[in-house]
Amino acid sequence: MTSVKCPNCSLTNWAESPACKRCGGPIASDPKRSEQEQYFEASSDFSNTDHGNLQSGFAITSMVLGVAGLVTSFFLIGLLMVPFALIFGIVALVKARGQPVQFGGKGFAITGIVTSCVTIVFVVPLLAAIAIPNILAARRAAYESGAIMSMRKIIVADSSYIEMRQQGECPDLKMLGKENMIERELASGSRNGYLFEATGTLASGCEIRATPVSKSMGLRSYYYSAMDNVIRASVKKGLPADPSDPPLSDISPYSR
């Protein structure tokens, strides 16, 4: 369908309409002019006379969400706004370009798209650079705490087993698990990113070690304990702990 301008009041009407919606006068299109010429003229006249009828809801929503998402991007709610702002902006821009007589707000849509892209390209990587190391540090600290707790459980079980059995060899983890003195998972020798080992004899001394599966756990994540039941931590930059390392209580939590 094409649009034409009323010769009396210049209101844009559909070419098929018998009379003008505003003044009621007859609408007569010029048969000598092509439909394409009449359409473009009507479109330009519409932009000057009927701004209030243009639909721009998607475009305004995109701009509001894009700006709000950029301002609050350091919070989760801001990051959740960005995808919606981008989608609404693209939809509004496509509609405004494809149907300019009906949809407007192209500038609002572009603003929403630009602010969303700024958040995605600059703010999100910055937040990731800040958050990821903190998340990894918290994860490492949780694994270290779990390893130290498991070491203490093995120490108590080891001492109780030796006191009851009075044998020449120190019990390994499987023996302690068989006697239900430690959990089955811990008796397997692996738990939460750590490998545990209990070896030795009563003559040479029982030894318990906890070694991280990955060195990304930190340089002070290797633990050792002997008959004195004192947990020691390695400060040798990734080498396994041994009796020469200082007790865990004497090491600063920042020496990693």
Side-chain angles (χ1 to χ4, degrees), residues 74-77 79-80 83 124-256:
F74 284 89
F75 304 95
L76 178 60
I77 187 172
L79 296 179
L80 294 177
V124 172
L126 177 62
L127 292 177
I130 296 173
I132 290 176
N134 292 331
I135 293 174
L136 293 178
R139 176 175 175 269
R140 181 178 62 193
Y143 279 2
E144 286 185 351
S145 298
I148 294 170
M149 186 179 299
S150 296
M151 285 280 292
R152 292 195 174 112
K153 290 181 179 180
I154 297 174
I155 290 171
V156 172
D158 207 25
S159 300
S160 300
Y161 185 93
I162 293 172
E163 185 177 349
M164 289 188 302
R165 299 292 181 175
Q166 295 293 328
Q167 295 180 353
E169 294 185 359
C170 301
D172 57 20
L173 297 181
K174 290 183 179 181
M175 292 181 182
L176 296 177
K178 187 177 181 179
E179 296 293 332
N180 294 322
M181 304 182 78
I182 59 175
E183 300 94 330
R184 182 177 300 178
E185 181 186 8
L186 187 56
S188 68
S190 177
R191 171 185 269 183
N192 292 337
Y194 271 84
L195 298 177
F196 297 90
E197 183 182 19
T199 58
T201 63
L202 293 179
S204 62
C206 300
E207 295 180 321
I208 302 170
R209 288 183 172 84
T211 305
V213 175
S214 172
K215 289 187 177 181
S216 63
M217 294 293 296
L219 302 180
R220 201 215 68 180
S221 299
Y222 298 77
Y223 302 109
Y224 171 88
S225 180
M227 296 294 290
D228 57 3
N229 295 340
V230 175
I231 298 177
R232 301 176 182 273
S234 174
V235 291
K236 296 174 292 191
K237 296 184 178 180
L239 295 177
D242 57 41
S244 65
D245 290 306
L248 182 63
S249 58
D250 295 345
I251 301 177
S252 168
Y254 300 103
S255 58
R256 296 174 185 267

Taking the side chain as C-beta and beyond, is there a heavy-atom pair between Thr199 and Cys170 under 4.5 Å?
-> no
Interatomic spacing from CE in Met181 to OH in Tyr161 - rounded to 0.5 Å = 8.5 Å
Do you know the tightest heavy-atom contact between Ala128 and Pro133?
-> O-CD, 4.0 Å
Taking all non-hydrogen atoms of both residues into account, name the closest pair between Ala241 and Arg209 and its distance.
-> O-NE, 3.6 Å
With a 4.5 Å heavy-atom cut-off, do Tyr222 and Leu239 have their side chains touching?
-> no
Taking all non-hydrogen atoms of both residues into account, name the closest pair between Leu248 and Tyr223 and its distance.
-> CD1-CE2, 3.9 Å
For the student: nearest non-hydrogen atoms of Gly189 and Leu173, plus distance | CA-CD1, 3.8 Å
Taking the side chain as C-beta and beyond, is there a heavy-atom pair between Tyr224 and Ser234 under 4.5 Å?
-> no
Listing, residues 146-157 side-chain donor-acceptor contacts under 3.5 Å, not counting sequence neighbours, or none:
residue : atom : partner : partner atom : Å
Ser150  : OG   : Gly146  : O            : 3.0
Ser150  : OG   : Arg191  : NH1          : 3.3
Lys153  : NZ   : Glu183  : OE2          : 2.7

Any chance you could measure Asn134, atom CG, to Arg139, atom CZ, to the nearest 0.5 Å?
-> 14.5 Å
Atom of Asp245, atom of Pro240 and distance for their closest heavy-atom approach = OD2-O, 4.1 Å
Provide the closest heavy-atom pair for Ala187 versus Gly177 in the form atom of the first, atom of the second, distance.
-> CB-CA, 3.7 Å
Supply the atom-to-atom distance Ser188 OG to Lys174 NZ, rounded to the nearest 0.5 angstrom.
-> 9.5 Å
Report the distance from atom OG of Ser159 to atom CE of Met164, rounding to the nearest 0.5 Å.
-> 11.0 Å
Roughly how far, to the nearest 0.5 Å, is CZ of Phe196 from CD1 of Ile208?
-> 10.5 Å
